[in-house]
Amino acid sequence: MKRTHHCNELRSHDDGQTVTLAGWVHSSRDLGGVIFIDVRDREGRTQTVFDPSSLPKETFDRAAALRGESVILVTGKVRRRPEGTNNPKIASGEVEVAAQELEILNQADVLPFPVDDPEVASKVNEELRLQHRYLDLRRPEMVRNLRLRSKVATATRVYFDEQGFLEIETPILFKSTPEGAREFLVPSRLHPGKCYALPQSPQQFKQILMVAGVERYFQLAKCFRDEDLRADRQLEFTQIDLEMSFIEREDIYNLVEGLLKRVWKTALDIDIPTPFERITFEEALNRYGIDKPDTRFGLELADFTEEFRSSGFKVFNSAVANGGVVKAINAKGMACATQGQIEAMTECAKSFGAKGLAYIKVENGEWKSPIVKFFTDAEKAALARKLSIEEGDLVLFAADQWLTACEILGKIRLYCAEVLVTQGKLAVPGDRFDFLWVVDFPLLSFDKEQNRWYSSHHPFTAPVAEDVPLLTSDPRKVRGQHYDVVVNGVELGGGSIRIHQPEVQKVVFEQVLQIPPETVKARFGYMLEAFRYGCPPHGGIALGFDRLIAILCGTPSIRDVIAFPKTAKGTDLMTDSPAVVEPKQLRDLHIELKAAKKP
RNA sequence: GGGGGUGUAGCUCAAUUGGUUAGAGCGCUGCCCUGUCACGGCAGAGGUUACGGGUUCGAGCCCCGCCACUCCCGCCA
């Protein structure tokens, strides 16, 4: 080893020892007659002192010429700092190393952005940070994120090992199964014209592992989806993926609650209460207007369908007449909303297909609204009662088909909460974690444009047993044995009990999803066959590992918890990928490019 | 594919709403400084205002286009 100690190790009891530190020049203070250099490594930093009276001039001059972030090796004697010069801000602040030798391992150029000043560094343009990710990752905040990620990964592995799970790797080179997310294709050299695909998830392999008798599988699995990126979505990401045999939904709830309890304890030393609350998909939509509600605050939706069934306000009564609903929320204290905010909400509502956004402002004891003149006293009384309307409130309405109306107000609810938080009228504590299970999702959703049913989750999800007969007669009513785990309005993960009978799976593929039998055979034939040779009932779940870490780190973007993330356009600014390849490489893959090459 | 935001010195930001030679702090270079830790002092260098057009007597600012980053919608079985 080149060093004897790391930079957060020396304390006053090391006084007198001769030590060697290795690290980066964090900062240097050249006072002319004496130079202080803080040497930093990933553990912390220690002050070294270069005193010309006890050093060759040549060594002193080299120390004076060091630039920030150069890598050095300093040998010297540990000593207590003189009275009154301790630095309480750093853990090694009671001592310093009186340098005797200096080896410059790598003289750094002037940096493109500062890494020593956390105030400035955290504000640096992300483009620049990604271009020089190796510098960005030196920042303490990023080091903390990487460490926490590693710790949680280890805690996860230990937990699953304790629970009797096997960690099993599944192939990265898989087969295209174009249901669902767009896939990355990998052309085969050995098989001209054929392609592998990178897995969107190890779903099919893990189910096959259950048929194989593994019983309990888990993996920190890399997944790939060629879809547009977001703050919480990358082209490649990591899932805590697991599958178990001979279980029911309750077993998964229990297992995952145990995992998250362990993770929160390990990462944040927080005891989260279990079991988690459960809410049905229908109730989540009815109360919060979204299937992943943030339950840290109220602002719940209320239903007024019956009250407005024969209302004098045509927009409402016709919505009900068409089988829709009338719903409203009370944004407490938001009567002062600006015209701009009302417009922003209206735009949001319109993006869901609403024609407008009706509202009532309660100001100076008066209901100010373009529509309140259509309301009867009974209607007003119902509103006032169900929404506990008070001075200063803002009531917002949606009248539409059930799902649409709920979703509109769900968005509005989040928008209002954000505004109220910035105005200090609503507290949403960042250190509070509201976990819940969302259950009883509809197994199927209807695609109006393509005029067919599609799986809400994925086609392997088992229907609730008593709903199986409805599969072909009334698909809308079939509930899936699907569950999502949600925290603070973030979908942490989802899974289901799977279909383990080949004939049910076949009905779902061919009769419900209307996939032609030959396509089913080509894509999923091996699964249906496997299910015929002794398939245990099984189920599982996958948790977004990057999202999980981001929540624990308190950052809104998973880029902050991934060492080398891609930009919103899917490029890597450090390596400049994706990039043009050599014609020979394409020839080997039997590929001819049509698109114009960009240099 | 669509909508919003941002782009000015190496970095973070100004520029009195279209008006002289585009400024500040940090960083950088040089000099001074023996107890600093955001060291201090003096001096200095550093700009195609992302890029390309246009309007104007005059554009960092207005208009059109384009690029990059970012947030959102679509998309994410």
Side-chain angles (χ1 to χ4, degrees), chain A residues 26-38 40 45-54 60 64-65 67-69 81-90 92-93 96 98 109-132 135 177-183 199-201 203-204 223-235 237 344 347-348 350-353 411 414-415 443-445 447 453-461 480 482 491 494 496 508-509 513 515 523-524 544 556-557 559 566-569 571 573 598:
Chain A
H26 182 75
S27 66
S28 71
R29 296 169 292 282
D30 184 347
L31 274 60
V34 64
I35 305 167
F36 298 98
I37 292 178
D38 285 1
R40 186 199 71 237
R45 53 190 225 245
T46 300
Q47 174 167 281
T48 62
V49 191
F50 290 78
D51 186 340
S53 64
S54 56
F60 187 79
R67 267 192 298 264
E69 295 302 309
R81 293 192 185 194
E83 193 72 26
T85 63
N86 287 359
N87 183 0
K89 288 184 199 163
I90 58 175
S92 66
E96 60 191 10
D109 260 340
V110 175
L111 302 176
F113 62 90
V115 303
D116 60 328
D117 183 341
E119 295 269 321
V120 179
S122 61
K123 282 164 69 185
V124 170
N125 187 356
E126 193 168 2
E127 192 175 353
L128 201 64
R129 291 171 51 203
L130 290 174
Q131 230 169 67
H132 305 276
L135 293 177
T177 52
E179 300 280 311
R182 193 179 298 110
E183 301 166 315
Q200 320 169 26
S201 86
Q203 182 62 36
Q204 293 172 47
C223 304
F224 305 86
R225 293 179 190 174
D226 188 7
E227 298 289 350
D228 284 3
L229 300 86
R230 291 281 194 283
D232 62 351
R233 274 158 44 184
Q234 284 272 307
L235 300 181
F237 61 100
E347 280 313 304
C348 169
K350 281 183 179 168
S351 74
F352 273 83
K411 291 276 183 192
L414 292 177
Y415 179 88
L443 184 73
L444 300 155
S445 308
D447 183 336
W453 294 96
Y454 63 95
S455 300
S456 305
H457 182 46
H458 60 48
F460 312 113
T461 302
H482 170 57
E491 183 193 326
S496 60
V508 169
F509 280 144
L513 301 178
I515 306 174
R523 282 185 199 157
F524 306 110
S557 167
R559 290 189 300 273
K566 294 187 175 45
T567 66
K569 280 261 160 59
T571 63
L573 295 178
K598 272 193 197 168

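In what follows, every chain begins at residue 1, and chains take the letters A, B, ... in the order their sequences are listed.
- With sequence neighbours left out, the side-chain contact (heavy atoms from CB on, under 4.5 Å) criterion links Ser455(A) to Pro459(A), Leu513(A).
- In this structure a side-chain-to-backbone donor-acceptor pair under 3.5 Å is missing from Arg523(A) to Thr177(A).
- Ser456(A) comes within 4.0 angstrom of nothing in the nucleic acid, heavy atoms only.
- The side chain of Lys411(A) places an N or O atom within less than 4.0 Å of a non-bridging phosphate oxygen (OP1 or OP2) of C73(B).
- Counting atom types as modelled, Arg233(A) pairs a side-chain N or O with a base atom of C76(B) as donor and acceptor under 3.5 Å.
- Take Glu491(A) and apply the side-chain contact (heavy atoms from CB on, under 4.5 Å) test, not counting sequence neighbours, and it matches Lys292(A), Asp484(A), Arg547(A).
- Here Thr571(A) lies in heavy-atom contact (under 4.0 Å) with sugar-phosphate atoms only.
- Under the rule for a side-chain contact (heavy atoms from CB on, under 4.5 Å), the partners of Pro82(A) that lie at least two apart in sequence or sit in another chain are Thr85(A), Glu96(A).
- If you take CG of Leu414(A) and P of C72(B), they are 13 Å apart, rounded to a whole angstrom.
- Shown here, A68(B) forms a base pair with U6(B); the pair counts as Watson-Crick or G-U wobble because both key distances fall under 3.5 Å.
- Using a cut-off of 4.0 Å between Lys/Arg side-chain N and Asp/Glu carboxylate O, Arg233(A) and Asp228(A) are scored as not salt-bridged.
- When heavy atoms are screened at a 4.0 angstrom cut-off, Glu127(A) is found touching the sugar-phosphate backbone but no base atom.
- Across all strands shown, A24(B) forms a Watson-Crick or G-U wobble pair with U12(B), both key distances being under 3.5 Å.
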Atom pairs under 3.5 Å: protein N/O with N/O of nucleotides 1-5 of chain B:
from	atom 1	to	atom 2	distance (Å)
G1(B)	O6	Asp228(A)	OD2	3.4

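- Base-pair partner of C31(B): G41(B) (Watson-Crick or G-U wobble, both distances under 3.5 Å).
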Query - Sugar-phosphate or base contact per nucleotide [nucleotides 28-39 of chain B; S, B, -; heavy atom under 4.0 Å] - result: SS---BBBBBSB
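- Residue contacts shown for Arg559(A) are limited to sugar-phosphate atoms, with no base heavy atom under 4.0 Å away.
- Listed pair Arg182(A) / G74(B) fails the phosphate criterion, with no side-chain N or O lying under 4.0 Å from OP1 or OP2.
- Among residues two or more places apart in sequence or in another chain, the side-chain contact (heavy atoms from CB on, under 4.5 Å) test is passed with Asp51(A) by Ser53(A), Ser54(A).
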